[in-house]
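Here is how names work: the chains are called A, B, and so on, in the same order as the sequence lines, proteins then strands, and each is numbered from 1.
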Number of protein chains: 2
Amino acid sequence: MEYTSEHPLAVNCVLFGYDVQDSDLKVFLIERVAPPFEGKWAIPGGFVIPGESVDDTAIQVLFGETGVKDLFLEQLYTFGNPRRGPGEHVVSVAYYALISINENTLTPDTEVRNAAWFSISDIPDFLAFDHDQILAKALERLQGKIRYQPIAFELLPTKFSLTQLQRLYETILEQKLDKRNFRKKLSSMGILQDLGEIEHDVSHRAARLYSFNERAYRRMQREGFLFEIREGSRKNSR
Amino acid sequence: MEYTSEHPLAVNCVLFGYDVQDSDLKVFLIERVAPPFEGKWAIPGGFVIPGESVDDTAIQVLFGETGVKDLFLEQLYTFGNPRRGPGEHVVSVAYYALISINENTLTPDTEVRNAAWFSISDIPDFLAFDHDQILAKALERLQGKIRYQPIAFELLPTKFSLTQLQRLYETILEQKLDKRNFRKKLSSMGILQDLGEIEHDVSHRAARLYSFNERAYRRMQREGFLFEIREGSRKNSR
DNA sequence: GCAAAAGTGTTCACCGTACACCCATGG
DNA sequence: CCATGGGTGTACGGTGAACACTTTTGC
């Protein structure tokens, strides 16, 4: 067991973007320009250079494909099945990242390849390699984690309305939430800062704008309170 | 970004064992017989052979070091920092596994190396590589997961008493639980099968023995009920 | 004035919490 | 008979669930 043997090692980054205009969760995919799976859509990825941290590789893959830095990025799972792609056995460490589409303009180098946001409800039938599995796992993780960690705010603009926040939860959890209960819950946590501003250019009553107060969140954590959006997770929801 | 480069890839398996006699959670470690970290204790591991699934490598590492097969095994995290060990950059995919010490006799090949169970409260000060971090992450995962998935039974003999089950939760979660509430909760879930047997050779009233009813658990899941041991996780536990 | 979304409280049921005594067995 | 752990029920409070109307704004 004490011998080494060499291996190509890849990284893939599932980039989730949320569009507050149409309340839609999207995934950023690129079109492959070389075999295998030439012409198929794929999750952005790259190879780990020995001596470089795998986390850093993920950051650079994202930056290279999208021009974006400083975003929520977390390791997801490592896919190590030798038959996940044709040819050589490539193990891939998958990550997922979150970004607000409204506040970030991506600059993929579309001169060499196509790149686009796909609505989560309208993903191409075939993805390269086992990328459908990676995507499924990333979605599962996002759905689980959003209930008990304040990662929703990574997908929103810094200023947002309560309805926008609720729509985000509804989109990701794929269930309707009760407006009054949702607001009661959020306001009781005290992690939202009322900015004293309101929306503009809407053809109805303008909503108040809030921002996520990270300091208040950490204080809440220290005091042993839990961040939880549990609505609809109880068994007696008929 | 479209070039490959070779890499040694390792697997490490944190094997947790539980001893029902002294209500103690333990970790299985081996003593390294070769540099680096010769003479230091380490989490069992091995290298991935190209073409072999990473999951399979983990299974084989466990079997090779302990002689045990067919146990709960789940991927934990991939450690990819180039400075996690001296010398070449070795990325390691970490797993964790659960076993009942009472029902499994391990057969490590102690002729070539030392191997032993260490109480989780008495781990050697120095572990090889970044194995202290791997262990910490594994414990964290175990503590989180045991609350909402029935993995506790992987650590117990097939027949166990309610007190033994409660002690296991108390040991892992590092908090006291209320006997009556714990029993009420478990019996309301209906996933324990009363075997109609009792303990033997105890110098006090003998406890009833139960086993985990996986069929009932799956039925419960299908009906949308949640497995949850939340005691002590509420903010108003004063 | 009407369409469209913002904003706001109360009641009920369930479950997590706290808590104390009798029972069975071996020595 | 006593020491040791096994086994049981109830009252309270917090929170998730269900539910409808008024307000504000642009057109």
> For DNA chain C, whose closest nucleotide is more 5', that of A/Ser161 or that of A/Asn181?
Replying inline: A/Ser161

> So with a 6.0 Å cut-off around OH of A/Tyr148, is the heavy-atom count from everything else above 12?
Replying inline: yes

> Between atom CD1 of A/Ile134 and atom CG of A/Leu127, what is the distance when rounded to the nearest 0.5 Å?
Replying inline: 9.5 Å

> Taking atom NZ of B/Lys40 as the centre, does the number of heavy atoms from other residues, nucleotides or ligands within less than 6.0 Å exceed 12?
Replying inline: no

>> For a quick check of understanding: with a heavy-atom distance under 4.0 Å over all strands, which category does B/Thr163 fall into, base, sugar-phosphate or nothing?
In response: sugar-phosphate

> What is the distance, rounded to the nearest whole Å, between atom CD of B/Gln164 and atom C1' of D/dG7?
Replying inline: 15 Å

Look for any protein N or O under 3.5 Å of an N or O in nucleotides 21-27 of chain C and output each such pair with its distance, or none.
from, atom 1, to, atom 2, distance (Å)
C/dC23, O2, B/Arg205, NH1, 3.3

>> Heavy-atom nearest nucleotide on DNA chain C for B/Asp178 versus B/Glu228: which residue maps closer to 5'?
In response: B/Glu228

> Whole-Å distance between C/dA4 P and A/Glu199 CD?
Replying inline: 16 Å

> Listed by chain and number, what are the ring pair (Phe, Tyr, Trp, His ring centres under 6.0 Å) partners of A/Phe160, not counting sequence neighbours?
Replying inline: A/Phe153

>> Using whole Å, what does the distance between atom C1' of nucleotide C/dC15 and atom CZ of B/Phe225 come to?
In response: 13 Å

> Are the ring centres of A/Tyr77 and A/Phe79 closer than 6.0 Å?
Replying inline: yes

>> At 4.0 Å (heavy atoms only), tell me whether A/Arg208 reaches a base, stays on the sugar-phosphate, or touches nothing.
In response: sugar-phosphate

>> When you measure only distances, ignoring hydrogens and angles, does the side chain of B/Lys185 come within 3.5 Å of the base of C/dT17 through a donor and an acceptor?
In response: no

> Within this structure, what is the CZ-to-C1' distance between B/Arg147 and C/dG16, rounded to whole angstrom?
Replying inline: 12 Å

>> What I want to check is whether an N or O donor and acceptor connect the side chain of B/Arg230 with the base of C/dC15 at under 3.5 Å.
In response: no

> Can you find a donor-acceptor pair, distance only, under 3.5 Å between B/Arg180 side chain and C/dA20 base?
Replying inline: yes

>> Determine whether a donor-acceptor pair (one donor, one acceptor, N or O, separation below 3.5 Å) exists between the side chain of A/Lys184 and the base of D/dT15.
In response: no

> Please give, in whole Å, the distance from C/dG16 P to B/Leu177 CG?
Replying inline: 13 Å

> A/Lys176 has an atom NZ; how far is it from atom P of D/dC19, in whole Å?
Replying inline: 16 Å

> Expressed in angstrom and rounded to an integer, what is the separation of A/Glu197 atom CD from C/dA6 atom C1'?
Replying inline: 17 Å

> Taking atom NZ of B/Lys159 as the centre, does the number of heavy atoms from other residues, nucleotides or ligands within less than 6.0 Å exceed 12?
Replying inline: no

>> Tell me which one of A/Trp117, A/Trp41, A/Tyr18 satisfies ring-ring contact (aromatic ring centres under 6.0 Å, His included) with A/Phe28.
In response: A/Trp117

>> Measure CZ/A/Arg183 against P/D/dC19 and give the value in whole Å, please.
In response: 19 Å

>> Given D/dT8, C/dA6, C/dC19, identify the nucleotide with an atom nearest to the side chain of A/Ala207.
In response: C/dA6

